[in-house]
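Within every chain, numbering begins at 1; the chains are lettered A, B, ... in the order of the sequence lines, protein sequences first and strands thereafter. Since the structure is predicted, the reported quantities are computational estimates derived from the model, not experimental observations.
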2 protein chains.
Amino acid sequence: MTTASTGGPRWLTDEEQGVWQAYLHATTLMEDHLDRQLQRDAGMPHTYYGLLVQLSRAPGRQKRMTELAKDAKITRSRLSHAVARLEKNGWVRREDCPSDKRGQNAVLTDEGQDMLTRSAPGHVEAVRQAIFARLSPQQVKSLGEIMQVIAGGLQPEDTDADLPWLR
Amino acid sequence: MTTASTGGPRWLTDEEQGVWQAYLHATTLMEDHLDRQLQRDAGMPHTYYGLLVQLSRAPGRQKRMTELAKDAKITRSRLSHAVARLEKNGWVRREDCPSDKRGQNAVLTDEGQDMLTRSAPGHVEAVRQAIFARLSPQQVKSLGEIMQVIAGGLQPEDTDADLPWLR
DNA sequence: GACCTTTTCTTGAAAGTTGAACTAGATAGA
DNA sequence: TCTATCTAGTTCAACTTTCAAGAAAAGGTC
């Protein structure tokens, strides 16, 4: 199947195909697994949980919407809907930003923090079981480096990756 | 941050946390990237594209619904909706299964095959650019092994992973 | 200040996903 | 056969995500 360099479209080598398949299978199974785990134990999808985690780590347990969206790698629109839902659950609250009247801060409530405290151990355990318990230290290190490279290549990277001609 | 073994919940080490972050960033960016690429160039999300690929590789370009769902790692419900949509596009057609009157075969149409032929090069290129062009041969090999391990741990594995007490 | 552009965030509709309920056909046991 | 159970696939309602559109404030520039 490996196409020689005939000028036609370059396909993946057999090895690359296999790796790509494995990547797709592993990542979809993983996402499904965590979504179910969190839906069951915390009543929300993985994305939403990630938002709460981000907030819990931020100073004052709050963040501007745009910054939160960027950190969580989701669109602002998606974040608006998500925060609306989390607000209905009482886990997040919106506050006007004092310095910018357009701005909104998403604030993690005490209930939100509690829920996080309750569900974190189970979630961490799920991640460990699925990944770290199965990989050698060498592989863990490798996985980190590889994911860093991939993410780096896809990151907007503050308008410079797209403009290499500007030095 | 690394919690000693005090009997409380075991957290991730700092290194593991970093790796997990990198994993999440890379995989969400990747999925977004491919979804956009395919939505733009092929008019469908990545999952749907994957279904067409599966069918194109199957003998007779067709597959039973349940088998297709299993291979693509999605629920039967999701597949029903997806096939309905792909059918409306003219890329897939349903046929009754001759041997089992409950069964349906999803069949890739000629239009579907054409669309696949047209969009495959661009898609492959996107995958290569994002992953294989950036990793060393060593890393590619490593990534494959790692993903295999992770997928293996999450796979239903034909009712045996869930029933270890049956040997 | 008046004007134009950009940034921040929200909204609404359409598309996709989920989980539970449901129909119809297959299977197995008495 | 009669019955109970299981499997294949679909459907419905609730929920999430996307995309395009829009309101409001901020930041130039003249």
Side-chain angles (χ1 to χ4, degrees), chain A residues 28-29 31-52 62-89 92-107 156 158-159, chain B residues 28-29 31-40 42-51 62-89 92-107 156 158-159:
Chain A
T28 55
L29 287 172
E31 183 61 15
D32 269 30
H33 184 60
L34 294 186
D35 260 337
R36 270 179 238 287
Q37 187 266 315
L38 283 172
Q39 194 68 56
R40 176 165 47 79
D41 299 346
M44 64 189 138
H46 188 202
T47 320
Y48 290 21
Y49 184 87
L51 295 176
L52 297 190
Q62 56 184 287
K63 244 178 194 176
R64 280 290 290 274
M65 292 292 279
T66 295
E67 195 189 353
L68 181 51
K70 196 181 307 179
D71 294 349
K73 272 118 185 88
I74 63 177
T75 62
R76 286 196 304 275
S77 168
R78 187 173 171 181
L79 180 60
S80 271
H81 290 295
V83 168
R85 199 272 222 185
L86 292 172
E87 205 169 17
K88 217 178 300 181
N89 281 282
V92 165
R93 158 171 41 90
R94 281 180 226 245
E95 275 181 13
D96 291 345
C97 175
S99 59
D100 185 336
K101 285 181 186 168
R102 297 167 302 178
Q104 292 280 103
N105 282 323
V107 188
D158 257 350
T159 55
Chain B
T28 55
L29 287 172
E31 182 61 15
D32 269 29
H33 184 58
L34 294 187
D35 260 337
R36 270 179 236 288
Q37 187 265 316
L38 283 172
Q39 194 68 56
R40 177 165 47 78
M44 62 188 140
H46 187 202
T47 319
Y48 290 21
Y49 185 87
L51 295 176
Q62 56 184 288
K63 243 178 194 175
R64 282 289 291 271
M65 294 292 279
T66 296
E67 195 189 354
L68 181 52
K70 196 182 305 179
D71 294 349
K73 273 121 183 84
I74 63 178
T75 62
R76 288 195 305 278
S77 168
R78 188 172 171 183
L79 180 61
S80 270
H81 291 293
V83 167
R85 200 273 221 185
L86 291 172
E87 205 169 18
K88 217 178 299 181
N89 281 283
V92 165
R93 158 172 40 91
R94 281 181 225 244
E95 275 181 13
D96 291 343
C97 176
S99 59
D100 186 336
K101 285 182 185 169
R102 296 167 302 178
Q104 292 281 101
N105 282 323
V107 188
D158 257 350
T159 54

For the side chain of [X], counting heavy atoms from C-beta on, which of [options] is nearest?
X: B:M65; options: D:dT10, C:dT18, C:dT10; value: D:dT10
X: B:K101; options: C:dT10, C:dA26, D:dA8; value: C:dA26
X: B:S77; options: D:dG9, C:dG19, C:dT10; value: C:dG19
X: B:S80; options: D:dT10, C:dA26, C:dG12; value: D:dT10

Would you mind reading off the distance between [X] atom [atom1] and [N] atom [atom2], rounded to a whole angstrom?
X: A:N105; N: C:dT8; atom1: CG; atom2: C1'; answer: 12 Å
X: A:R78; N: D:dA20; atom1: CZ; atom2: C1'; answer: 18 Å
X: B:R85; N: D:dT10; atom1: CZ; atom2: C1'; answer: 19 Å
X: B:E67; N: D:dT7; atom1: CD; atom2: P; answer: 17 Å
X: B:Q39; N: C:dG16; atom1: CD; atom2: C1'; answer: 10 Å
X: B:K70; N: D:dA8; atom1: NZ; atom2: C1'; answer: 12 Å
X: A:H81; N: D:dC19; atom1: NE2; atom2: C1'; answer: 10 Å
X: B:R76; N: C:dG16; atom1: CZ; atom2: P; answer: 21 Å

Starting at the 5' end of DNA chain D and moving along, which residue's nearest nucleotide shows up first, B:L79 or A:P45?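 So the residue in question is B:L79.
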
Less than 4.0 angstrom from a charged side-chain N to a carboxylate O is my criterion; do A:E87 and A:R85 meet it? no

Does the distance from a Lys or Arg side-chain N to an Asp or Glu carboxylate O, for A:D96 and A:K101, drop under 4.0 Å?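 No.
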
With A:C97 as reference, evaluate A:R102, A:R64, A:Q104 under the side-chain contact (heavy atoms from CB on, under 4.5 Å) test and give the passing residue.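 Passing option: A:R64.
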
With side-chain contact (heavy atoms from CB on, under 4.5 Å) as the test, pick out the partner of B:L68 among B:N105, B:V92, B:L79.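 Going through B:N105, B:V92, B:L79 one by one, the side-chain contact (heavy atoms from CB on, under 4.5 Å) with B:L68 is satisfied by B:L79 alone.
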
Let me confirm one number: the CG-CD distance from B:D32 to B:Q37, rounded to the nearest 0.5 Å. 13.0 Å

Between A:R64 and A:R36, which is nearer to the 5' end of DNA chain C once each is assigned its nearest nucleotide?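 In this pair, the answer is A:R64.
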
For DNA chain C, whose closest nucleotide is more 5', that of A:G103 or that of B:R102? A:G103

Under 4.0 Å between any heavy atoms, over every strand shown, what does A:R40 touch: base, sugar-phosphate, or nothing? Just pick one. nothing

Assign A:D100 to base, sugar-phosphate, or nothing according to its heavy-atom contacts below 4.0 angstrom with the strands shown. sugar-phosphate

